[in-house]
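Structure first, commentary second.
Proteins get letters first, then strands, A, B, ... in listed order; numbering begins at 1 in each. Heavy-atom basis, side chains included; hydrogens, waters and symmetry copies ignored.
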There are 2 protein chains.
Amino acid sequence: MEAQIDEILKKNQLSVTGSRKRILELFLMSNGALAHGDIERKTGEKFDRVTVYRTLQTFLEKGIIHTIPTSDNSVLYALCKDDCTEGHHHDNHVHFICDKCGKTICLADVHVPQVKLPGGFLPQEYQMVVTGLCAECR
Amino acid sequence: MEAQIDEILKKNQLSVTGSRKRILELFLMSNGALAHGDIERKTGEKFDRVTVYRTLQTFLEKGIIHTIPTSDNSVLYALCKDDCTEGHHHDNHVHFICDKCGKTICLADVHVPQVKLPGGFLPQEYQMVVTGLCAECR
DNA sequence: GTTGGTGCAAAAATTTTGCAGGGTG
DNA sequence: CACCCTGCAAAATTTTTGCACCAAC
């Protein structure tokens, strides 16, 4: 894991610092989406809130993570797949958000079906979010 | 339109007030999604920002409008179809967000395909967002 | 007249920005 | 050692809450 983290950071020409390593580690472990608040909590507020904002922003710009659309006003972040490049994501699996426990789960095996759009639209990214109850909460 | 607005409000046991009429009118006219800021702008800041917040909240609770997931941290609202009831929405069409002009367009004719989920999940609502370039911006 | 909605004020929460000090390459 | 990153402070923005007044029914 340690090596993997370093590799990701170096591949994106980022300095390997404590906060970046820790936050990246959280994403690798969680195997799902994290909100800003999750990260603050899981790091035990060890890092300044501002640092978390800036780290997430940096990861976004480098294409290491991406945002996930949600119906409520929260912003979720999740790791990109390897074939994501700066500004171009291929995160084409479905996300499930549990109404009860609030957890967001990446359904890596469920692909987003490509729908046919009316003429004129130039689609770039398809995202699908399913809400309901997860296996543990139902 | 005037009559339609009154009917919607009365059907939901809401007092017919100036701000509610105006904001509902905006939704009926826009035929798309509106952000909080759009509403403030289009009403010419005639109503207090707090009133807009509370009106939107009320409409949400009554199932008159619903939120639309977006990748950035903005919250968008759109009218529900007639068969939406309190707490249970059937807004099962695809939304398109243009990366250039930022507009959100309801693709009312494009239905959200139902995907099969792994066992255990109890899906309640499917939402799909496509981003890219709209007909005018491409 | 009673109930509920609005506006104003203020508080709380979230996000952004500037700058000096410290760690990384 | 030069540069980028972090933490602190503060500003800006967004959202929530309390309360007195006014409008709707």
Query raised in the report: Looking at CG of B:D6 and NZ of B:K11, how far apart are the two atoms once the value is rounded to the nearest 0.5 Å?
Result: 12.5 Å

Query raised in the report: Atom CZ of A:F59 to atom C1' of D:dC5: distance rounded to whole Å?
Result: 12 Å

Requested in this report: Measure the distance from CD on A:Q57 to C1' on C:dT14 and round it to the nearest whole Å.
Outcome: 15 Å

Query - Axis bend over the full length of the helix from C:dG1-D:dC25 to C:dG25-D:dC1, computed from five pairs that close each end, to 10 degrees - result: 40°

Query raised in the report: To the nearest Å, how far apart are A:I5 CD1 and C:dT24 C1'?
Result: 17 Å

Query raised in the report: Under a single-linkage rule joining Ile, Leu, Val, Met, Phe, Trp and Tyr whose side-chain heavy atoms are separated by less than 4.5 Å, which residues share a cluster with B:V50?
Result: none

Query raised in the report: Quick one: are A:R49 and A:V52 in side-chain contact, heavy atoms under 4.5 Å?
Result: no

Report summary line: Whole-Å distance, B:L14 CG to D:dA23 C1', equals 15 Å

Requested in this report: Check whether any side-chain heavy atom of A:L56 sits under 4.5 Å from a side-chain heavy atom of A:I39, and report yes or no.
Outcome: yes

Query raised in the report: Can you list every pair that meets salt bridge (Lys or Arg N to Asp or Glu O under 4.0 Å) and has a residue in residues 17-32 of chain B, with sequence neighbours left out?
Result: B:E2-B:K21, B:R22-B:E25

Query raised in the report: Quick one: are A:F59 and A:L79 in side-chain contact, heavy atoms under 4.5 Å?
Result: no

**Report entry** Close approaches to DNA chain D from residues 18-28 of chain B, in residue order (heavy atom, under 4.0 Å)
**Finding:** none

**Report entry** Nucleic acid contacts of residues 36-53 of chain A, taken as heavy-atom distances under 4.0 Å to DNA chain C
**Finding:** A:R49, A:V50, A:Y53

Query raised in the report: Can you pull the salt bridge (Lys or Arg N to Asp or Glu O under 4.0 Å) pairs that have at least one residue in residues 112-121 of chain A, sequence neighbours excluded?
Result: none

Query raised in the report: C:dG25 P sits how many Å from A:K11 NZ, rounded?
Result: 17 Å

Query raised in the report: Do B:F96 and B:V94 come close enough that some side-chain heavy atom pair is under 4.5 Å?
Result: no

Report task. Answer yes or no: is there a side-chain heavy-atom contact under 4.5 Å between A:I64 and A:L14? Result -> yes

Report summary line: Per nearest nucleotide of DNA chain D, the residue lying toward the 5' end, A:T58 or B:R54, is A:T58

Query - side-chain N/O B:T17 vs C:dT6 OP1/OP2, d < 4.0 Å - result: yes

Report task. Find out whether B:K42 and B:L34 are in side-chain contact, i.e. whether some heavy atom of one side chain is under 4.5 Å from a heavy atom of the other. Result -> yes

Query raised in the report: In whole angstrom, what separates A:E61's CD from D:dC4's P?
Result: 14 Å

Report task. Using a 4.5 Å cut-off on heavy atoms from C-beta on, say whether the side chain of B:V16 contacts that of B:K10. Result -> yes

Report task. Find the distance B:D6:CG to D:dC25:C1' and express it as a whole number of Å. Result -> 13 Å

